[in-house]
Amino acid sequence: MGMLYLNAPFGGADVGDFYRRRIARVFPLYLVVVLASFFAPNFTAMRVLYPIDASNIADHLLFIRATSVLWTVPIEVQFYALFGVIWFMFSINRSASLLLLVATIPLLVIVSDPLGARLFFLSYFMIGIAVSQLPRVSSNAAFLAACVLFYAGMPAVSQSIGLDFFSFWKSPLNLAASGLLVYTAIAAPLATVTLGSAPMRYLGAISYSIYLLHWPVMTQVARLINYKQDPALFAITSMVGSLVAATLTFWAIERPARRLIMTRITRQTSQAVPAAAGA
């Protein structure tokens, strides 16, 4: 988002385009999954999606908070609202805004009030915005070092090497590793060859579907395969099942809905402009 928009002028059309694209990308499949999870218990005794009922359906639909792995989606949508403010600030003074943004990151890390957990997650978005404005560094060594650091931040790894001072999401190590990995991957030739390959680009295209569906798939696989007795079979079956489910929903729901939203809005906008001009 930083690379695509912060270097563009801040204006009504550009801001509207940003929010249209974000809505078209995030809302359709998320809402389908939420509503399917809510109505599923009425049709089957076996819950196959997420524990959503009358007590929390409003929170999910209003992007206030969400259950299970869906919890990140409301936080992402909330950041979209904040991004408009950041974009406006950058349009006024880029250098001062970047300094303020960077200074905000450690403040978010140390916040300990009841909203601290949610505020801390904004630091990941802030890191991404800051990275998007830094000069590019083309270094395979730096990219590999970032991969190693990111791997070291994984819970099981950090525990085994005595670096588990913080919970995973609140780990400064994980935050720094994430930012460094994104920064080095932008221009490193090795990242272009690997992460920029056709298979990885396809995984990137369906990644949102994978994210929303991998947990229900794993839950159903666990009913058939004991992950403790046969972890390899469980992992392979879960990955294949997630890819199949994500591919189906991407082509059947996510992509058509995105095209429909963008096409209808574009048509309405193009029709409104001549009408306004004539008036």
Side-chain angles (χ1 to χ4, degrees), residues 1-2 15 18-44 46-87 101 104-129 153-155 166-172 174-175 178-179 182 206-220 222 242 245-246 249-250 253-254 257-258 261:
M1 290 185 289
V15 174
F18 166 74
Y19 283 108
R20 284 194 295 270
R21 290 182 180 279
R22 290 295 86 204
I23 290 172
R25 179 73 171 94
V26 174
F27 281 38
L29 185 59
Y30 170 81
L31 294 177
V32 168
V33 170
V34 167
L35 293 175
S37 300
F38 178 72
F39 289 109
N42 296 327
F43 298 99
T44 176
M46 182 176 65
R47 187 185 298 276
V48 296
L49 291 171
Y50 296 98
I52 299 175
D53 53 32
S55 67
N56 59 13
I57 181 66
D59 286 345
H60 286 80
L61 295 178
L62 296 175
F63 297 95
I64 297 173
R65 61 180 57 85
T67 186
S68 187
V69 299
L70 299 180
W71 69 269
T72 65
V73 179
I75 293 177
E76 182 173 353
V77 172
Q78 292 162 21
F79 177 75
Y80 294 159
L82 179 61
F83 183 78
V85 177
I86 296 174
W87 190 359
L101 185 144
T104 302
I105 295 173
L107 293 179
L108 292 173
V109 172
I110 63 177
V111 165
S112 58
D113 60 78
L115 293 177
R118 299 179 70 81
L119 289 176
F120 180 85
F121 299 133
L122 291 178
S123 59
Y124 285 92
F125 292 96
M126 298 300 191
I127 284 283
I129 296 298
M154 296 294 101
F166 305 90
S167 62
F168 176 73
W169 286 109
K170 285 194 173 184
S171 169
N174 192 47
L175 180 63
S178 300
V182 172
I206 67 171
S207 60
Y208 187 55
S209 292
I210 292 176
Y211 180 74
L212 293 182
L213 298 176
H214 78 278
W215 186 259
V217 169
M218 290 174 61
T219 301
Q220 296 310 307
S242 298
T249 54
F250 174 77
I253 299 174
E254 190 177 349
R258 192 187 312 173
I261 292 173

Any [X] side-chain heavy atom under 4.5 Å of [Y] side chain:
X: Tyr80; Y: Val26; value: yes
X: Phe18; Y: Met1; value: yes
X: Ile105; Y: Leu175; value: yes
X: Val77; Y: Tyr30; value: no
X: Phe79; Y: Ile129; value: yes
X: Asn56; Y: Phe38; value: no
X: Arg258; Y: Phe250; value: yes

Atom pair [atom1] ([X]) and [atom2] ([Y]), whose distance is rounded to the nearest 0.5 Å:
X: Ile75; Y: Leu122; atom1: CD1; atom2: CG; value: 7.5 Å
X: Leu70; Y: Thr72; atom1: CG; atom2: OG1; value: 7.5 Å
X: Leu49; Y: Thr219; atom1: CG; atom2: OG1; value: 9.5 Å

Mind listing the closest non-hydrogen atom pair of [X] and [Y] along with its distance?
X: Gln78; Y: Ile64; answer: NE2-O, 3.2 Å
X: Ile23; Y: Pro28; answer: O-CD, 3.3 Å
X: Tyr19; Y: Ala81; answer: OH-O, 3.5 Å
X: Arg25; Y: Ser207; answer: NH2-OG, 4.0 Å

Let me know which of Tyr50, Trp215, Phe121, Phe63 forms a ring pair (Phe, Tyr, Trp, His ring centres under 6.0 Å) with Trp71.
-> Phe121
Taking His60 for its side chain and Thr67 for its backbone only, find out whether a donor-acceptor pair lies under 3.5 Å.
-> yes
Please lay out, stage by stage, how Phe27 and Ile261 fare under the test side-chain contact (heavy atoms from CB on, under 4.5 Å).
-> CA-CA 10 Å; Phe27 281 38; Ile261 292 173; 5.9 Å; no
Can you list the residues that meet the side-chain contact (heavy atoms from CB on, under 4.5 Å) rule with Leu29, with sequence neighbours excluded?
-> Val33, Tyr208, Ser209, Leu212, Thr249, Ile253, Glu254
